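Everything on this sheet refers to the single structure shown next.
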Amino acid sequence: MLSRLNDRQREAVEYVGGPLLVLAGAGSGKTSVITTKIAYLIKEKGIKANKIAAVTFTNKASREMKERVGKLVQGKEARGLTVSTFHNLGLTIIRREHKTLGYKAGFSLFDDQDTKSLIKDLMHKDFQTDAEIIGLVQHMISNWKNDLIEPEQAMGLAQDDRETLAAAVYREYDRHLQAYNAVDFDDLIRLPVRLFRDHPDVLDRWQNRMHYMLVDEYQDTNVSQYLLVKLLIGYRGALTVVGDDDQSIYAWRGARPENLIKLGEDFKNLKIVKLEQNYRSTSLILRCANTLIANNPHVYEKTLWSNMGSGSPIRVISCRNEDAEAERVVTEILTHRIKNDGHYKDFAILYRGNHQARLLEIKLQAYQVPYKISGGTSFFSRHEIKDIMGYLRLLVNPEDDNAFLRVINMPRREIGPSTLERLGTYANSRHISLFNACDELGLEQYLSGKALEKLGRFNHWLQQTIKRCAQDDPIAAIRQMIQDIDYEAWLHQNSSSPQVAERRMANVWILVDSLRDTLARMQEEDDEATIEDAISRLVLRDMLEQQEKEDDSDRVQLMTLHSAKGLEYPHVYIIGMEEDLLPHRNSIDEGNIEEERRLAYVGITRARETLTLSFASQRKQFGEMLNCTPSRFLEELPEGDLAWEGKENAPDEAKRARGHAALDALKKRLGG
DNA sequence: TAGCATCTCCTTTTT
DNA sequence: GGAGATGCTA
């Protein structure tokens, strides 16, 4: 088990005497360290698997970790081992302790969009409708929650009108969530921390289940996550965290890379192990990465080295426009694969923003290259999925007014805004949910007989479905519900073609199937898991697993630089190496170039054998062509290691192009 | 009240 | 070049 590790890695695995920080450079085998350590703890130290928890940040990372642990520890020995994301762990804790926290079973989990639309509604009342301000407030609320600042404190801290407004919205938002029996993503961490602080007996119970914790990508923890870990670990200090400050790319959502330093302050007996040997990339790729990141300040100095051979030069491709760029990358993968008899899945195309996948997708289809786009919100932002999720949510949580409103007229039940307005007034005065208000006698004063009947009918029907769901097979009840509302017919009426309608309906069944699978999987670990739990789990996107699993299929991988973290591919393409894209415009404005540089660093260090960077001279935005400038990061790379293609855009030219772009921007601002 | 058409806003990254 | 909001008509 230990024989495959180098000295440093082995040291990290064998050290169990206290808290341990592993500073692991990119590709230095940190996942091996974590997975081997889990096996070591179980096999050599006699710690039961159900007392060990490994926490990651993304579903992808946790899936991979589960798989790799599964190869080292099997069957009975592995029973009860927790490998999950922070948010999943939080959700599990809340599920089990919801009563203490004052939530009812079946609480809804609001995703980003739900949150935004609720905040928007609340701000409408203050006549604030500016999308930018709404986004800002959402961000501020999220940050407060991540820093464990309560609405009253936020109010006290507010420095100006805008912050006061945001704090007021925060208070209202929180009240509404409670009234809806709902939590949001940030609450998944915040509520467990609150729970453990306020209820030592509950904390005691959970500490008993966590005899050892391992945290991956530690530099990405925020204040509340760090506190959660600290609380769970308690006096034991049985903790291994693995991190790399050069790969901190989530500061924008509250991550505190300084938690790496804080750890040493909080645990005086902290041991630090550095992993500096890279087993992934050729030395040319590594030199590129090191040279780039040397432009950033460093907390802990480390020097990555590898003995994987020098490899081929890093290619930089300049293209006329975004279209040519996509075409170039796709055709190149095509020929490269044929020449070297390789696999499609050995190629990854990475980009800054999800929207960049669209063009690639078109080209890949045109050339019939199999591909897989991971991440993105596509599936869950589909109309049909939102509709059905609305029903599911209302089904298990009738307090969820948001879901009620989404669903009430879908398909049409002839219940319009004025009826809903009055229903809302009534529900408000009685402090009950819209759904529960539907069949109250007191409503008669507010509504006509016709409207009353329609609401009553809806209420009655859903009550029946709820009963059916509780009594027998919930999945069957849900299928029945979808039949009841005749959703398929509705889709056919509202789709541009029968084919589209069918595809949408297929999506609905995919959703139902993965709900079924999620439920089954959860019940394996915990026989008390219910359909309610499975539904909130779906919101965390920890799904479509069976599809992911089949993913031995040979397909080119497309994803954002963010979601590429922790992964590796023989051949990596990073597209859109341009100013305003990477580094992103907003980050430039905010003066946060360093995080963008780390993002580029993360991208570069995903590559094992070849690395190709590309940029376009022109790119369409808002329907008009804009001139683009090659990214400053290209100039920060070691010139001798690069092979430029498309001579017209060599670095000198790049600078001139940047001048042109600046001129363009100026002209635009002057209204020319 | 529903459905269609038009207009306007936006586009960073994730759970 | 998309999605959501608003506005107009049947």
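Reckoned from all heavy atoms, side chains included, excluding hydrogens, waters and symmetry mates. We name chains A, B, ... by the order of the sequence lines, and we start the count at 1 in each one. All values reported here derive from a predicted model rather than from experimental measurement.
Counting only heavy atoms from C-beta outward, the side chains of A:L561 and A:L582 approach each other to under 4.5 Å.
Counting any heavy atom pair closer than 4.0 Å across all strands shown, A:F57 reaches sugar-phosphate atoms only and no base atom. Residue contacts for A:K386: at a heavy-atom cut-off of 4.0 Å it reaches the sugar-phosphate backbone alone, with no base atom in range. Using a 4.0 Å heavy-atom cutoff across all strands shown, A:D112 reaches at least one base atom of the nucleic acid.
Side chains of A:Y173 and A:D184: a donor-acceptor N/O pair is present below 3.5 angstrom, by distance only. Between A:Y371 and A:Q365, the side chains place a donor N or O and an acceptor N or O closer than 3.5 Å (distance only, hydrogens not considered).
Taking 4.0 Å as the cut-off between side-chain N and carboxylate O, A:R597 and A:E594 do not count as a salt-bridged pair. Between A:E217 and A:K30 there is a salt bridge, since at least one side-chain N of the basic residue sits less than 4.0 Å from a carboxylate O of the acidic one. Checked for salt-bridge contact, A:E596 and A:R585 miss the test: no charged N lies under 4.0 Å from a carboxylate O. Contact check on A:R63 versus A:E67 returns no salt bridge, with no Lys/Arg side-chain nitrogen under 4.0 Å from an Asp/Glu carboxylate oxygen. Salt-bridge annotation for A:K363 and A:D323: present, with a side-chain N of the basic residue lying under 4.0 Å from a carboxylate O of the acidic one.
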Do any N or O atoms of the protein come closer than 3.5 Å to N or O atoms of nucleotides 9-13 of chain B, and which pairs are they?
| from | atom 1 | to | atom 2 | distance (Å) |
| --- | --- | --- | --- | --- |
| B:dT12 | OP2 | A:N586 | ND2 | 3.2 |
| B:dT12 | O4' | A:H584 | NE2 | 3.4 |
| B:dT12 | O2 | A:R352 | NH1 | 2.6 |
| B:dT12 | O2 | A:R352 | NH2 | 2.1 |
| B:dT13 | OP1 | A:N354 | N | 2.6 |
| B:dT13 | O2 | A:W252 | NE1 | 3.4 |
| B:dT13 | O2 | A:R352 | NH2 | 2.3 |
| B:dT13 | O2 | A:H562 | NE2 | 3.3 |

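Rounded to a whole Å, the CG atom of A:D323 is 10 Å from the P atom of C:dG1. The separation between A:Q113 atom CD and C:dA5 atom C1' is 15 Å, rounded to whole Å. Rounded to an integer number of Å, the gap from A:I408 CD1 to B:dT1 C1' is 14 Å. We find that CG of A:D186 is positioned 16 Å from P of B:dT14, with the value rounded to whole Å. Whole-Å rounding puts the A:D387 CG to C:dG4 P distance at 11 Å. Rounded to whole angstrom, the span from the CD atom of A:Q219 across to the P atom of B:dT14 amounts to 16 Å. Distance CG (A:L188) to P (B:dT14): 18 Å, rounded to an integer number of Å. When the P atom of C:dG1 is taken as reference, atom CZ of A:R619 falls 14 Å away, rounded to whole Å.
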Represent DNA chain B in dot-bracket notation, 5' to 3'. Only Watson-Crick or G-U wobble pairs with both distances under 3.5 Å count; pseudoknot-style crossings use [ ] and interstrand partners use |.
|||||||||......
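Residues forming a salt bridge (charged side-chain N to carboxylate O under 4.0 Å, His left out) with A:E325 (at least two apart in sequence, or on another chain): A:R619.
Going from the P atom of C:dG4 to that of B:dT13 covers 16 Å, rounded to whole Å.
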